[in-house]
Amino acid sequence: MILGGLAAWNMPLVLILACISAMYFFWAKKHPDVGSSQFYLFHAGIGLFYLLMGSPLYMLSHLSFSTHMLQMSILYFFVPPLLLLGIPAWNGHKWKKRNISSFSALILFSILFFLYHLPQVVPFVYKSPVIHTGFILLLFGLSFLMWLPVITPGPGSNRFSWWSSILLMPACLLLILNGLMDGQNASPLFSQLMLKLCIPADQAGALLPFQINAKADQIFGGLLMLVLHKFSLLAAIRLGSQRISREHLKLKPSLHRME
């Protein structure tokens, strides 16, 4: 009731994702090397993206640091790998051969992701829906390039994964250190949400089912993102290697027939 229309389901986004799903379906029919597991992984990524960006969970993720970091971690550390795992590995190698620098994308993503969580930057980003949406889409696009070397392993993939862990750490440490030192009275995202809803500060508790300790919330949010990124990195490396192994096994019979 309090969130009103801000917590509504995003129907235009449903139509966009449905079109993407339909295009993927017709594309997969023309490529027999796309297995059922890849089909399910791709649509798991589509479903997660909608839950995070088009459902009421999007607005609820702004209520605390922890919920926001959970939403951002799944959006950038789980959705892109799932979507990339939904296409054959040879597509990933084609993109890698086009001189697209994934390392540059990783550096730029890490810088923007760090800036996004600075209390001084959040009000500016949320000042305009266009700026905020553009910022989110830019990070999402960079995250695809960032995950490409992990999903399609090759020379230097292990080193790239190590750099990924190091460069994304400052954004997590920012929240943890801020919580350990003086912390903030509330999440800047939550403050922006209250301004959008025109809710006075003394009535902010109506949005929360229980009182949240701001310091503990920041520390937990930073730790949560660290753990989720590490987990997604390990899972993506394993699934990417398994996918390439399966595709090599499929190629061997055809090579034997040619001989």
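The structure displayed is predicted, hence computed values, not measured ones. Along the sequence shown, the residues carry numbers beginning at 1.
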ask   = Side chain of Trp27, backbone of Ala22: donor and acceptor closer than 3.5 Å?
value = no
message = Suppose we screen for side chain to side chain donor-acceptor pair (under 3.5 Å). Which residues come up paired with Ser143, at least two apart in sequence or across chains?
response = none
inquiry  = Is the distance from the ring center of Phe220 to that of Phe65 below 6.0 Å?
reply    = no
task = Any chance you could lay out the side-chain contact (heavy atoms from CB on, under 4.5 Å) test for Leu85 and Trp147, step after step, and finish with the verdict?
result = CA-CA 10 Å; Leu85 285 168; Trp147 281 102; over 6 Å; no
task = Please confirm whether the backbone N or O of Trp9 pairs with a side-chain atom of Ser55, one donor and one acceptor, at under 3.5 Å?
result = no
Validation: residues 163-170 side-chain donor-acceptor distances under 3.5 Å, sequence neighbours left out:
{"from": "Ser164", "atom 1": "OG", "to": "His229", "atom 2": "NE2", "distance (Å)": "3.3"}
{"from": "Ser165", "atom 1": "OG", "to": "Ser161", "atom 2": "O", "distance (Å)": "3.3"}

query = Counting distance only, does the side-chain N/O of Gln71 pair as donor-acceptor with the main-chain N or O of Leu52 below 3.5 Å?
reply = yes
request  = Report yes if the side chains of Leu106 and Phe160 come closer than 4.5 Å at any heavy-atom pair, otherwise no.
outcome  = yes
ask   = With a 4.5 Å heavy-atom cut-off, do Tyr24 and Lys29 have their side chains touching?
value = no
Side chain to side chain donor-acceptor pair (under 3.5 Å) partners of Ser110, counting only residues at least two apart = none
request  = Flag the pair Phe77 / Phe231 as yes when their ring centroid distance falls below 6.0 Å, and as no otherwise.
outcome  = no
query = Would you say the side chain of Leu51 lies within less than 4.5 Å of the side chain of Tyr58, judging by non-hydrogen atoms?
reply = no
Least distance between heavy atoms, Leu83 atom then Ile46 atom = CD2-N, 3.8 Å
request  = Can you see which heavy atom on Met53 is nearest to which on Leu75, and at what distance?
outcome  = SD-CD2, 3.8 Å
